[in-house]
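One structure is given here, and the rest of the page talks about it.
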Amino acid sequence: MSDPTPPNPPANAAPEAKPRGQGRLPLRLDPVEVATAPDAGNDGGADHDAEPSGPTDAFDLPPELGDDMLPPSEPAQADTLNAAEATSVGSVEDDLVAGLTEPQREAVTHVDGPLLVLAGPGSGKTRVITRRIAYLVRQIGIPPWNVLAITFTNKAAGEMRERVGQLLTERQARAATVSTFHALCARLIRQYADRVGLPPGYSIYDTADQKNAIKTALTELEINTKNFPPASMLGTISNAKNELKDADAYAKQANDFYSRTVAKVYQKYTEVLERNAAVDFDDLLLRTVQLLRDHRDVLDELRNRYQYILIDEYQDTNHAQFMIANALGSISEDGPNQESSGGNLMVTGDPDQSIYGWRGANIRNILEFEAHYPDARIVRLEQNYRSTKTILAAADALIANNRARKHKALFTENADGEPVRVVTCYDGQHEATWVTERLREHHERGVPWADMAVFYRINSLSRVMEDTLRNAGVPYQIARGTAFYDRKEIKDALAYLRVVANPADEVTTFRVINTPARGISAATVKAIQAYALASNTPVDTILGQPSVLTAVNARAQAAVGKFSAMVQTWRDTCGLTPQDEGALIETPADPTHDVSLRQFVETVLRDSGLEAYYRNDKSDPDQERLANLGELVSSVQQFEDEFELSRDLDGIEKPATLADKLLAFLERVALVSDVDSLEAGQGAVTLMTLHAAKGLEYPVVAMIAFEDGLLPHERANHSPQELEEERRLAFVGITRAERHLMLTNAKYRTVFGQTLPTIPSRFLQELPPEVIDVEDVADEALEAQDEGFGGVQRSRAARDAGQYPPGTLVRHPQFGLGRVVQVQPMGAHTKARIDFNTAGAKTLVLQYARLEVVDG
DNA sequence: AGGTTCGAGTTTTTT
DNA sequence: ACTCGAACCT
């Protein structure tokens, strides 16, 4: 490649390379359309590009939007033309392409028509996307609200928004839509609720809700959950939805017994969701596809609005997402907008980083982009600015083992760097200790904790690592954003809010109807359900007239009536009035704007009795759950501040109603992802799964548990395709590292409380010997003896091994007296076979069995 | 109704 | 090994 432009500086030296995260863990709740608070506590302002002035100023403000999702009421076309004419200053372009390589520049300055950017790891892809958005707006004069950028996570969306904000004025940046597919779809469904056939307050069901719904379906069909586990049913249904097969379509091709059963369940499950005015994650996409397919006017409106579409991580899009992108990004075959609308679809991705095949991602979307868009321009970004030559060589050699793959010539001008350390430890505990010690060494040499990360294949591997880091006093954060919302008390609180917004949601109603206990027994609930079924009456309606429940005593009826009245009062506060069919409409003239969302949530927590319940909860002496409710309130406050701020910036005069805020909050909360809770620059080591690591980078990276069955995972080892996806996962992990990379495995791994010997991952053998440094430090664990740091237990166990010769009489706290039959020396995992007098013969691991030697 | 005990499932990855 | 739910008990 002839490239006269100076190469980019290494990523870690570039001022724009590391966007600062913002928000507090784990409550980062900035709404989808809401941008960063203006320089509130973030230092990004210092290196902002000069605020653009002149021609683009006219486009700072989108026309008045009735809702932040609505396209401008005036067609944007005319503006576009004016802007293009008006903008002819050369310096803007120079500014935006400064420091770019030729391929990067080509992608940034591409304006019309489809564009595929095949971007290797660390090749400046995000920079290209953000600069192109800025280029479109500042150089070409595209109104920013005509730009739609899709990212993989909310966090990525937030960072992209922030980086775009550094290149544009804040208002311009805000006017662009930066979102995930799911968040965009959720918003569209709310926006066009009447077209979709859902109330605006519809519920988004998470995995737990889905399980509930599927159980309901199974019960109603009288199908045994033993033979048809809900989880696998959901999986099958989810796959069908990803391929845009509805229940009917699925039923048509269901030939065997299992499929036919699934078809019935799918049908019923759909009914259950509809009955509850609820959608699952897959439905968000599916319903949007249907919306765009069945409502031409909506499609035209959205095509007109989103004339420039950019989709990141395109290798991980599924069929439904492809359909949405295709619908929005295609040129209309008819209609007046032919010239200006559509066709301007830019997708970026890397087939080697496709790691979501298991959830329906279709790698063919990116591989066949050219076939879909024959006039597509293709740009390859192959120079890596992130990693050392050594790390890149290791990654390249590994991924070269994938057969279903096109070769890519990755290269870097970065330094050689140190060898990749490939280290064998004794067991998981020792591995965690070893990694912790190395991280500490790096820290002592001046590497901030925040520059280090530990990756693993499965979440359960985080535990040992966490414990060890905590004991060692190393600050860490863990990418598990949903953990907070998975807590019972938080789910309960959110369930109340959901019931307020969506009276049809019976699943959620029954979740809270007697939580905390208010005298509505299971029998009463059954009676309500029976009556609803028999009379075909919505549950919410029955709750309002409890006297119809003749099977229930007066006291319980009164309790039901009280609950209903309470919920109704909350709805009144929100200005939500039930219509027929149980749907809610917002009373426009209701003057209750002065109740903030935070106040409202506090009211609900108080009136519902949740707060009092957790305040008096004796099983929770630290009042942790109460504190969590408090945190929830803070998160509401934070959300609300940002929500209102964004409306200010958008110049929207009409204040947000309480109902607006409530629905937006519920929507946001339903779509938090694991990495969303992560914060950069918080002085903590980051722990996460390999999947969550996609798109991130760290100077120091440790990847643990390189063992057969874990990486590649045994459940993804049945076909070459699955194995190759596992290898891509390892590739993604390795290529996150900038300077130092450690890959560890352990000789023994404890799973399900059972410690078993392991086999090293085959991926380790695929690394070229010249770039790795292999060590076996397992002996350290045994030598550690009594020196603390995890060695204590093992050394004691090892000593103990000699203390139980066969024939020794021992006492076990549970099994009582017994005699040692045989001892198998296995180091820390030394087992003894013991014949107990009453409990019979058992094999126990000495380390865990609290045996007592009995004399005589 | 609330607390306790017992058993099963857990651990693939996530919007 | 640990957590969660259902069944069982007080």
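Quick caveat: nothing in here was measured; it's all calculated off a predicted structure. The basis for the numbers below is simple: all heavy atoms, side chains too, and nothing from hydrogens, waters or symmetry mates.
Distance CD (Glu726(A)) to P (dT12(B)): 11 Å, rounded to an integer number of Å. Leu710(A) places its CG atom 13 Å from the C1' atom of dT13(B), with the value rounded to the nearest Å. Computed from coordinates, the Leu756(A) CG to dA1(C) C1' distance equals 14 Å when rounded to whole Å. Atom-to-atom, CG of Asp427(A) to P of dA1(C) comes out at 14 Å; the value is rounded to the nearest Å. What separates CZ of Arg487(A) from P of dT3(C) is a distance of 13 Å, to the nearest Å.
Atom P of dC4(C) sits at a distance of 16 Å from the matching atom of dT13(B), rounded to the whole Å.
Counting non-hydrogen atoms of neighbouring residues, nucleotides and ligands closer than 6.0 angstrom, the CZ atom of Arg470(A) exceeds 12 such neighbours.
In this structure, Arg511(A) does not pair ionically with Asp209(A), as no charged nitrogen and carboxylate oxygen lie closer than 4.0 Å. Taking the charged nitrogens against the carboxylate oxygens, Glu725(A) and Arg728(A) do have a contact shorter than 4.0 Å, which makes a salt bridge.
Residue side chain Trp358(A) meets the stacking definition with respect to dT13(B): its ring centre sits within less than 5.5 angstrom of the base's six-membered ring centre, and the planes differ by less than 30 degrees. An aromatic stacking contact links His713(A) with the base of dT12(B), defined here by ring centres under 5.5 Å apart and ring planes under 30° from parallel.
Of the listed nucleotides (dT15(B), dT12(B), dT14(B)), dT12(B) has the atom at the smallest distance from the side chain of Ile458(A). With dT15(B), dT14(B), dT12(B) as the candidates, the nucleotide lying closest to the side chain of Arg457(A) is dT12(B). For Phe752(A), the side-chain atoms get nearest to dA1(C) when compared with the rest of dA1(C), dT15(B), dT13(B). Distances were taken from every side-chain heavy atom of Val751(A) (C-beta onward) to each of dT11(B), dT12(B), dT15(B); the shortest belongs to dT11(B). Distance from the side chain of Thr180(A) is smallest to dT15(B) among dT14(B), dT12(B), dT15(B). Listed nucleotides: dA1(B), dT11(B), dT15(B). Nearest to the side chain of Ser521(A): dA1(B). In this structure, the nucleotide among dG2(B), dT11(B), dT15(B) sitting nearest to the side chain of Ala517(A) is dG2(B).
The phosphate of dT12(B) has neither OP1 nor OP2 within less than 4.0 Å of any side-chain N or O from Asn459(A). One finds a side-chain N or O of Thr689(A) lying less than 4.0 angstrom from the OP1 or OP2 phosphate oxygen of dT14(B). For dT15(B), neither phosphate oxygen OP1 nor OP2 lies less than 4.0 angstrom from any side-chain nitrogen or oxygen of Asn318(A).
Taking for each of Tyr613(A) and Phe281(A) the nucleotide of DNA chain B with the nearest heavy atom, the 5'-most of the two is the partner of Tyr613(A). Nearest-nucleotide mapping onto DNA chain B: of Glu725(A) and Arg518(A), the residue sitting toward the 5' end is Arg518(A).
Among residues two or more places apart in sequence or in another chain, the ring pair (Phe, Tyr, Trp, His ring centres under 6.0 Å) test is passed with His691(A) by Tyr356(A), Trp358(A). Partners of Thr508(A) according to the side-chain hydrogen bond (donor to acceptor under 3.5 Å, both in side chains) rule, which considers only residues two or more places apart in sequence or in another chain, are Arg498(A), Asp505(A).
Looking at heavy-atom distances under 4.0 Å, Phe181(A) makes no contact with the nucleic acid at all.
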